[in-house]
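Written below as structure tokens is the structure these notes are about.
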Amino acid sequence: MIIRVGTTSRLVLNDNPKRRSVLITMQSTQIDTGNTGQCFVAPGFQPQSVVSDPAAGFPMKQSDTLFYPEVGQPLPEKWKRAIWGICDADTQSFIVEEEVEEAEAKPPTT
């Protein structure tokens, strides 16, 4: 899904204990010419939009990608929390994807 984030903190993904992976990509300026801002993404808290702030989260610019977990590893618990974003410019666009555990099929009852 495509999410637009501006200068106010925005919930990007709700917390999800069944989340297995998360992929967040800030779209390239070749796709969205207005995507020229500096953005910050954080799991479990609302990030600040100042680079030097300890609560800034993970900085992103156009074409940057965050992908968790590392190959062959389980998803860290903090990435199962709500994920927030904020930018220093209005209407920056992100592609946000998550993979979740599938519910186990229950055997039919007779």
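Remark: Q27 CD to T33 OG1 distance equals 11.0 Å, nearest 0.5 Å. Once rounded to the nearest 0.5 Å, the distance linking OG of S21 with CD of E70 reads 12.5 Å. Distance check: D32 CG to I2 CD1 gives 8.5 Å after rounding to the nearest 0.5 Å.
Side-chain atoms of Q46 never come within 3.5 Å of backbone atoms of S9 as a donor-acceptor pair (strictly under, hydrogens ignored). A distance-only check finds a donor-acceptor pair linking the side chain of Q92 to the backbone of D90 [under 3.5 Å].
Placement of W84 and I24 in two distinct hydrophobic clusters is found when ILVMFWY residues are connected by side-chain heavy-atom separations under 4.5 Å, directly or transitively. Linking Ile, Leu, Val, Met, Phe, Trp and Tyr residues whenever their side-chain heavy atoms come within less than 4.5 Å leaves F40 and M26 in two separate clusters. Note: the hydrophobic cluster containing I86 does not contain L13 (ILVMFWY, side chain heavy atoms under 4.5 Å, direct or indirect links). Linking Ile, Leu, Val, Met, Phe, Trp and Tyr whenever their side-chain heavy atoms come within less than 4.5 Å puts M1 and L66 in one cluster.
The number of heavy-atom neighbours closer than 6.0 Å to CD of E101, taken from other residues, nucleotides and ligands shown, is above 12.
Counting heavy atoms from C-beta on, the side chains of I83 and V41 come closer than 4.5 Å. The shortest side-chain heavy-atom distance between V12 and F94 does not fall under the 4.5 Å cut-off. For the pair E98/L75, no side-chain contact is recorded, criterion being any heavy-atom separation below 4.5 Å from C-beta on.
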Using residues 49-62 as the side-chain source, report each donor-acceptor pair under 3.5 Å to any protein atom, sequence neighbours left out, with the distance given to one decimal.
| from | atom 1 | to | atom 2 | distance (Å) |
| --- | --- | --- | --- | --- |
| D53 | OD1 | A55 | N | 2.7 |
| Q62 | OE1 | T29 | N | 3.0 |

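When the salt bridge (Lys or Arg N to Asp or Glu O under 4.0 Å) test is applied to R81, no partner is found at least two apart in sequence or on another chain. Not counting sequence neighbours, E97 has no partner by the salt bridge (Lys or Arg N to Asp or Glu O under 4.0 Å) test.
Closest of all the heavy-atom pairs between K18 and N16 is N-OD1, 2.9 Å. Of all non-hydrogen atoms in G37 and A89, the two that sit nearest each other are CA-CB, 4.2 Å.
Within the structure, the disulfide bond (SG atoms under 2.5 Å apart) test picks out no pair touching residues 43-74 (sequence neighbours left out). Among residues at least two apart or in separate chains, disulfide bond (SG atoms under 2.5 Å apart) pairs with a member in residues 39-96 are C39-C87.
Hydrophobic side-chain contacts under 4.5 Å tie F45 to no other Ile, Leu, Val, Met, Phe, Trp or Tyr residue.
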